[in-house]
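Whatever order the structure lists them in is the order used to number ligands and atoms, beginning at 1.
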Amino acid sequence: MPLLDEVEALRKEAEKAILAAAAREDLESARVEFLGRSGKLKDLMGRIREVPPELKKAAGQRLNAVKSGLESLFADRKRALSAGESAARPQPDPTLPGRTQPLGTIHPLTQALERFAGVFERLGFTVRQGPEIEDAFHNFDALNMPDDHPVRDQADTFVLEDDAILRSQTSTVQIRVMEEHVKRYGGGAEMPPIRIVAPGRTYRPDAVDATHHYSFSQIEGLAVDRGVTMADLKGFLGMFARETFGPEVKTRFRPSFFPFTEPSAEMDVSCVFCGGKGCRVCKRQGWVELGGCGMVDPNVFDAVGIDSELFTGFAFGFGIERVAMFMLGVDDIRRFTENDLRFLRQF
Ligand code: DAH
């Protein structure tokens with residue numbers, strides 16, 4: 001077949017392949033096959049040598065024309081294919097609102113604990129924490145609750161093994177902090193004062209209902225110095241109450257008993273909703289109980305090695321759930337631990 005006929009056949013074949021290419025990969029293999037460096041067109045160009053001299057020029061021109069024709073057809077097809085591809089692909093709609101990442105919030109009990117602790121921090125107290133798995137010494141003995149004390153009944157504590165129990169009160173942190181303090185400074189004349197609060201979870205094997213749970217939160221406080229009196233206790237706790245519940249709130253101290261304080265009291269604050277007159281929220285009481293407090297019993301100082309002739313102190317332990325329920329209008333203590341987002345999202 002004369003070369004020019006071959007060129008014509010190749011042109012047709014190449015045009016067909018380029019136009020038939022349905023995807024970029026097909027088009028690229030057509031390009032390699034016909035227009036590539038060792039492609040069919042290049043082959044034919046090499047054969048110009050065979051052409052008689054008087055026809056060489058015409059053959060060369062023809063080959064070049066076919067080559068540039070195929071190249072522009074290839075470029076057109078390439079453009080068409082990529083336009084088609086992007087038309088098929090879903091286009092981003094810049095007018096759509098962005099997708100928001102839901103941010104968590106702080107659990108209402110943690111909020112309450114942080115708020116309480118924050119007020120005490122501004123009053124000069126340091127926040128300390130202690131372990132939830134405790135031993136009997138820190139949970140009972142050092143707190144003046146001897147072995148035969150009724151509260152030490154195994155039924156009143158979660159016993160893990162041997163001497164490992166779940167703490168039933170955050171008062172354990174009082175002991176741990178005082179031990180550490182005595183280790184560092186000694187419990188005598190050189191000892192600097194202590195002022196700490198300890199927020200955290202506690203455990204008691206209580207039957208669960210709307211107002212009781214086997215796990216609940218407390219914030220413990222301890223202030224030890226020379227000459228600390230009940231007036232300091234009432235002054236500090238009164239300031240705490242006004243800072244936390246508002247300047248109008250009234251406080252009330254009722255005589256009570258705890259083994260680790262003498263004297264002991266229960267502290268109430270007036271209902272923030274009715275100002276103490278009695279309403280539905282405070283169940284007509286006018287008062288809400290915060291928790292216990294009192295002057296540190298000298299036996300507790302003895303247990304940790306603080307000189308009880310030199311030092312006195314006050315301590316307190318407030319329950320968080322009940323106050324949070326009251327302040328937030330929550331009707332059931334179980335809501336706090338059910339992890340129901342519909343509940344948690346409200347705070
Ligand atoms: N630990 C007590 C309880 O769980 C609360 C308490 C009362 C703590 C009086 C104190 C305190 O520090 O002085 O019932």
Check: Passes side-chain hydrogen bond (donor to acceptor under 3.5 Å, both in side chains), Thr126 versus Glu121? Steps please.
Finding: CA-CA 6 Å; Thr126 303; Glu121 280 189 294; over 6 Å; no

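Using a 4.5 Å heavy-atom threshold, the side chains of His107 and Phe347 count as separate.
Under the 6.0 Å cut-off for aromatic ring centres, Phe216 and Tyr203 do not qualify, their centroids lying 6.0 Å or more apart.
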Without placing hydrogens or testing angles, list every side-chain donor-acceptor pair under 3.5 Å for residues 294-301, not counting sequence neighbours.
unit_1, atom_1, unit_2, atom_2, d
Asp297, OD1, Asn299, N, 2.8
Asn299, ND2, Asn144, OD1, 3.2

Could you tabulate the donor-acceptor pairs under 3.5 Å formed by side-chain atoms of residues 263-272, not counting sequence neighbours?
unit_1, atom_1, unit_2, atom_2, d
Ser264, OG, Phe258, N, 3.1
Ser264, OG, Thr261, O, 2.8
Ser264, OG, Thr261, OG1, 2.7
Glu266, OE2, Ser256, OG, 3.4
Asp268, OD1, Arg254, NH2, 2.9
Asp268, OD2, Arg252, NE, 3.1
Asp268, OD2, Arg252, NH2, 2.9
Asp268, OD2, Arg254, NE, 2.7
Asp268, OD2, Arg254, NH2, 3.3
Ser270, OG, Lys250, N, 2.8

Give the table of side-chain donor-acceptor pairs shorter than 3.5 Å for residues 179-197, with sequence neighbours excluded, one pair per line with atom names and distance.
unit_1, atom_1, unit_2, atom_2, d
Glu179, OE1, His138, NE2, 2.7
Glu179, OE2, His138, NE2, 3.3
Glu180, OE1, Arg128, NH2, 3.0
Glu180, OE2, Arg128, NH2, 3.2
His181, NE2, Pro192, O, 2.8
Arg195, NH1, Leu123, O, 3.1

Could you go through ligand 1 and note, for every N or O atom, any protein N or O atom closer than 3.5 angstrom, writing the atom names and distance to 0.1 Å, or 'none'?
unit_1, atom_1, unit_2, atom_2, d
ligand 1, 1 (N), Gln169, OE1, 2.8
ligand 1, 1 (N), Ser171, OG, 3.0
ligand 1, 4 (O), Arg204, NH2, 2.7
ligand 1, 4 (O), Gln218, NE2, 2.9
ligand 1, 12 (O), Gln174, NE2, 3.0
ligand 1, 12 (O), Glu220, OE2, 2.6
ligand 1, 12 (O), Phe316, N, 3.3
ligand 1, 12 (O), Phe316, O, 3.2
ligand 1, 13 (O), Ala315, O, 3.2

